[in-house]
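As structure tokens, the structure follows; a few thoughts come after it.
Lettering follows sequence order; numbering is per chain, from 1.
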Amino acid sequence: MRRPNFFSAVVLAAATALAVSTLAARAEIGTPATPQQIRAWTTEVLPDGTGLPAGRGSVAEGEVLYETRCQPCHEAPIAPALFGGVGSLARIPTKSVNSYYPDAPVVFDYIRRAMPPTKPGSLTASQVYTLCAYVFAQDAIVPESAVMSETSLPKVVMPNRNGFMLAPNPQSSAPLPSASPSTGPAPLPRGNRP
Amino acid sequence: VDRAAFLKAATAAHVAAAAKPAAKIAPGPPAVPPSMRTPGAPIPPYGKPSIFEASVVRAPRDATMVAVTPLGAQQSAITPSGLFFTRNHAGVARIDPAAHRLLVHGLVKTPLVFTMADLMRLPSVTRTHFIECSGNGEPLWQGGALASVSLSHGLASCAVWTGVPLRVVLEAVGAQRHAAWILAEGADGAGYDRSFPLAKALDDALLVYGQNGEMLRPEQGFPLRLLLPGWEGNTNVKWLRRLELGAKPFGEREELHYAELLPGGMSREDDSVMQTKSIVTDPSVGDRLGAHGDYEVRGFAWSGSGAIARVEVTLDGGTTWSDASLEGPVLPKAFTRFTRPLRFDGAPLIVGSRATDETGVMQPTRKALLATRGVFSQWHYNAIAYWAIAASGAVTNAPA
């Protein structure tokens, strides 16, 4: 009895796949994107630093900008903490940029993409580098003399760099894979373009 | 306080209290109401709820970022579009559909730009699915008690969605062989972006433009959103403008933010399926039962892994359970409404529900959930919840 059912299921699946691809192909819907379009639209920075624009910024410059553009919300606290809590995740966690994020380029990406909320996208690349420098310096992740740029930022070593694992789990109370940031699994594969 | 002790104390208080006189019956409305003596109002071009339903609104926790669905007032498995919960990261974007484009690129053979008109020419489907924010019930991890079922469970809603299977669009661009993840980006002020596995895209993901029979509401991503059925709300990117195929997770801020911090300090990424959950919405905290007699327990159950197979209801705080009736059609990754008769004679009750989905996963007790997840998890709280009905009929939170 199994064979006919299995066979018809395969035929049905194949027929469905064929029908869908025929429709999509026949429709010829959509316009080919030009390389210029793709470049202009692709703004994300990847964890390995791919996509970082040219620019540079110091801790001292970042402090001035932080106080005027960031502090009003981030220390209100309307918005999440940016620093502090390093080493706290295994105990009573304080999640901050410095305690939680596994790599530095994501910080650049998010500030440039979404901050400040009143005028997203308004900061120059160098301004974003100054803010990264200032934030990292608050927990001595970089020295006070640090200058962040497209070459130095990806080299910043974040405290929680081994703190993430890919682990889908559809059962919320099922036993979890055991690991800790200190014993650590292999770091996640990061970066998407050759 | 455990539930058994809680119930025992409440019962003792009930027995001690003298029997109250029955409430005086109020005079009824006139035999011929005014609505029979006057012509009715003109038909509004776009109908709105009765003015007597003015209290049934989304409760904003924040003017632009979060608003919860009034689940206690929801009459069927489908959430009205105007009451669908909303979680934004930069307010509600205003987008002209004529100017909107979707770019699909990265590890593809032919990168393509689609207009809304293009997308609406492609083969379409309609599906009923819930969306739940991974932070639904977040304060409950640390034992918080909230003032309404909206606040504790209302970051979940269910709608009928219309759109294009993402698979159709991926066939048009031709995914390269080593493509395995997709970055989805919205056209809002947060440039909100999340990546997710290609396997989900090929399974049941949709590019949605319709909601409950009309175009998407702006708060739900008009004119285009991603729908990953059963997956946490923040993966269902609204105001969708770009899909980029890559070989690995893109590691963007939002997928780190919504990773699950576990006891020991590790965080779990790609923990996106919303687990089996149910809640009694009627009665629920803040309600008050009136006269003694027959009532009906009502609620919703859902699972991101498939259809709901069973919902059980307890009236004694989890000591005994009995099957609730499931209202069909019972659809996968959708709200299923359940009911069970309730007799209230003034004896205190503790009402709760627990769901089991078709994969056999049962909603956990709070104790079981916390045993593996600790109290600092933030996301995916799905423990069984209880309401206490006092002798007076007042409904309050009961210990979980």
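Heavy-atom distances place the side chain of B:Q378, and not its backbone, under 4.5 Å from chain A. Heavy-atom distances place no part of B:A90 under 4.5 Å from chain A, backbone and side chain included. For a residue to count as touching a neighbouring chain, one of its non-hydrogen atoms must lie under 4.5 Å from one of that chain's; by this rule A:S88 does not touch chain B. Heavy-atom distances place the side chain of B:L183, and not its backbone, under 4.5 Å from chain A. The part of A:K95 that comes within reach of chain B is its side chain, from C-beta onward, which places non-hydrogen atoms under 4.5 angstrom from that chain. Neither the backbone nor the side chain of A:P117 comes within less than 4.5 Å of any heavy atom of chain B. In this structure, no portion of A:V107 lies under 4.5 Å from any heavy atom of chain B.
One distance of note links CD of B:E260 with CZ of A:F164; it measures 11.5 Å at 0.5 Å rounding. Atom CE in B:M266 sits 5.0 Å away from atom CE in A:M165 (nearest 0.5 Å). Atom CD1 of A:I29 and atom CG of B:L112 lie 10.5 Å apart (nearest 0.5 Å).
Residue A:A33 comes nearest to B:V113 through the heavy atom pair CB-CG2, 3.8 Å, listed as atom of the first residue, atom of the second, then distance. A:V106 and B:G251 make their closest contact through CG2-O, 3.6 Å (heavy atoms, listed as atom of the first residue, atom of the second, distance).
Between A:L166 and B:R268, the closest side-chain pair of non-hydrogen atoms is not below 4.5 Å. Using a 4.5 Å cut-off on side-chain heavy atoms (C-beta onward), A:L46 and B:K248 make no contact. Residues B:E244 and A:W41 are not in side-chain contact: their nearest non-hydrogen atoms beyond the backbone lie 4.5 Å or more apart.
Other residues, nucleotides and ligands contribute only 12 or fewer heavy atoms inside 6.0 Å of the CZ atom of A:R56.
Taking 4.0 Å as the cut-off between side-chain N and carboxylate O, A:R113 and B:D193 count as a salt-bridged pair. Ion pair B:R242/A:E44 flagged as a salt bridge, since at least one NZ, NE, NH1 or NH2 atom sits closer than 4.0 Å to an Asp/Glu carboxylate oxygen.
For the set B:H89, B:E254, B:H380, B:R241, the count of heavy-atom pairs under 4.5 angstrom toward chain A peaks at B:R241. Contacts with chain A were tallied for B:Y192, B:F376, B:F114; B:F376 has the most, counting heavy-atom pairs under 4.5 Å. Of the residues considered (B:L102, B:T110, B:L103), B:L103 shows the highest number of contacts with chain A, using heavy-atom pairs under 4.5 Å.
Residues satisfying the ring-ring contact (aromatic ring centres under 6.0 Å, His included) criterion with A:F83, sequence neighbours excluded, are A:Y66.
Although no hydrogens or angles enter the test, the distance criterion places a donor-acceptor pair under 3.5 Å between the side chain of A:Y100 and the main chain of B:L256.
Annotation: residues 123-148 of chain A contacts chain B through no residue [non-hydrogen atoms, separation under 4.5 Å].
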